[in-house]
There are 2 protein chains.
Amino acid sequence: MAIDPPSASAGNPAPARPLRRDAQRNREALLTAARSCFAEQGMEAPLEQVAKRAGVAIGTLYRHFPTRLDLVQATFAEKLAVWREAAEKAVTMDDAWAGLCHFLETMCELQSQDRGFNDLASIRLPESACLAGAQTRIRELGVHIVERAQEQGSLRPDLTPEDLAFVIWSHSRVTEATHAIAPDAWRRHLYLLLDGFRTDRAHPLPAPPLTEEQLYRAMISLGGNGACGA
Amino acid sequence: MAIDPPSASAGNPAPARPLRRDAQRNREALLTAARSCFAEQGMEAPLEQVAKRAGVAIGTLYRHFPTRLDLVQATFAEKLAVWREAAEKAVTMDDAWAGLCHFLETMCELQSQDRGFNDLASIRLPESACLAGAQTRIRELGVHIVERAQEQGSLRPDLTPEDLAFVIWSHSRVTEATHAIAPDAWRRHLYLLLDGFRTDRAHPLPAPPLTEEQLYRAMISLGGNGACGA
DNA sequence: AGAGAATATGAGGCACCCCTCCGGTTGGTA
DNA sequence: TACCAACCGGAGGGGTGCCTCATATTCTCT
């Protein structure tokens, strides 16, 4: 993903000679350390701490992952896949409302377990990032999830897929606040919000939905100093 | 609040000789600068930037406000008062649901206009802070606001005053994301959540409410590096 | 006008984090 | 076994922000 002979940017050309054994070991130690650091402190955890926790010098970290974004992507690829699978499954569920709940609940669960994922879910990676594709796919699935639930009449018709970002963002801070004190409290918040999503009870909303473009810009603006540079 | 001859901690004993004219001028310049820095960047804005914007050296800032907390409190006293007045008014409104909306909408508006206030609303100041009393008062009023709306039957009965913190927290991140892109989008989120608060539509919630003590601990845990030291 | 207290200044020490670079080390192969 | 490319270590230069303190300046009162 970073190391290796020149070229090999997209992920398929040269088979790239396997890593030396010590390098392989270090790479894995780094990923393990990154997972725990990011989970505790978010995507902006000091890289020097990741290196220390991996029992490796800082130079070694940079050799394997030249930028923070490289490390973030390698660290979260799996969890992003879990989220994506939840979305894929959601669109196949007979009860579209249950599908929506499954999608959102899985997402929130991942967010609440991992501050780094919490950060990642809230933002949009740069186009160049290899995980950006997964984000895009999840968004497509989100559109279907919303449409199906509206067709079945369970989801209020004035809700747009962009409104799902409200769930991500609002849950983000709620879980950050309650995580250490009441690890399940976020479910209460989620279901309060979901009650507001149902068709019965819908009252007119006071502001128009975000456009897709606004949504992207909003997600990018949250990027701050995280892994979002370029 | 910080300067001046010894003693004079609570705010009434020695009349405390008035500030010299230059000191008075600087103090006001500092507050103005702090308001704009905090509004843009949150409560953790670099103090050196506040000083620079005030056209004053860093030492001067520390002379007037020995700790960040001192500066934060002086900066936000007025906005906290506005919030509190909204709460006082809310409990007098005939329609308790309208009162709840007025309270929350005012709060969210303040949060969305000012990142610093957004931070401040999410956390709990230390007992020693002079603004802590206002926070406590607002909380008391929040209890009444909730109770009245439940008595009138408009607010779902399984909601507790602690759940109002979900509004603060969730709005916090939503407005941070959308503030620069769609300044009114937060109203949409707020009213989605409020639709979930109504009595009709209430579905059983999957997690118990926070206790008061959990709420405080959660708010403190968000304090991070902000103005919350000691 | 002059003295003295109050105030302002800003360089500087400390801590944190970023990222680079080059000499030393090691794994795997001939 | 010996070689060398690949790899590792970690000191160090750069940047930011915090806070302090000795010195210089300015107000105010007599």
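None of these values were measured; they are calculated from a predicted model. Just so it is clear: chains get the letters A, B, ... in the order the sequence lines come, proteins before strands, and each one is counted from 1.
In this structure, CZ of Phe65(A) is placed 16 Å from P of dT20(C), rounded to the nearest angstrom. For the pair Leu69(A) CG and dC18(C) P, the interatomic distance rounds to 15 Å; values are reported in whole Å. Spacing between atom CZ of Arg27(A) and atom C1' of dA6(D) amounts to 16 Å, rounded to whole angstrom units. In this entry the distance linking CZ of Arg63(B) with C1' of dC27(D) reads 13 Å, nearest Å. Regarding Lys52(A), its NZ atom lies at a distance of 12 Å from the C1' atom of dC17(C), rounded to whole Å. Atom CG in Leu71(A) sits about 11 Å away from atom P in dC18(C), given to the nearest Å.
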* Would you give a per-nucleotide map of nucleotides 24-30 of chain C, 5' to 3', where B means the base has a protein non-hydrogen atom under 4.0 Å away, S means only the sugar-phosphate does, and - means neither? => --BSS--

* Structure fact -> Reading nucleotides 11-24 of chain D from 5' to 3' and marking B where a protein heavy atom lies under 4.0 Å of the base, S where only the sugar-phosphate is that close, and - otherwise, the string is B-----BBBB----

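For the ring-ring contact (aromatic ring centres under 6.0 Å, His included) test, residues two or more places apart in sequence or in another chain that qualify with Phe117(B) are Trp83(B). With sequence neighbours excluded, the residues that form a side-chain hydrogen bond (donor to acceptor under 3.5 Å, both in side chains) with Glu28(B) are Gln24(B). With sequence neighbours excluded, the residues satisfying ring-ring contact (aromatic ring centres under 6.0 Å, His included) with Trp186(B) are His171(B). Taking the side-chain hydrogen bond (donor to acceptor under 3.5 Å, both in side chains) definition, one finds that Asn118(A) meets it with Gln111(A), Ser172(A), sequence neighbours left out.
Checked for salt-bridge contact, Arg84(A) and Glu88(A) meet the test: a charged N lies under 4.0 Å from a carboxylate O. A salt bridge is defined here as a Lys NZ or Arg NE, NH1 or NH2 lying under 4.0 Å from an Asp or Glu carboxylate O, and Glu85(B) with Lys89(B) fails to meet this definition. Salt bridge annotation for Glu40(B)-Arg53(B): present, with a cationic side-chain nitrogen under 4.0 angstrom from a carboxylate oxygen.
At the phosphate of dA8(C), OP1 or OP2 sits under 4.0 Å from a side-chain N or O atom of His64(B). Checking the phosphate oxygens (OP1, OP2) of dC7(D), no side-chain nitrogen or oxygen of Asn26(A) falls inside 4.0 Å.
Without hydrogens or angle criteria, Asp163(A) side chain to Thr160(A) main chain gives a donor-acceptor distance under 3.5 Å.
Shown here for Arg68(A) and Pro46(A), the closest heavy-atom pair between the two residues is NH2-N, 4.1 Å.
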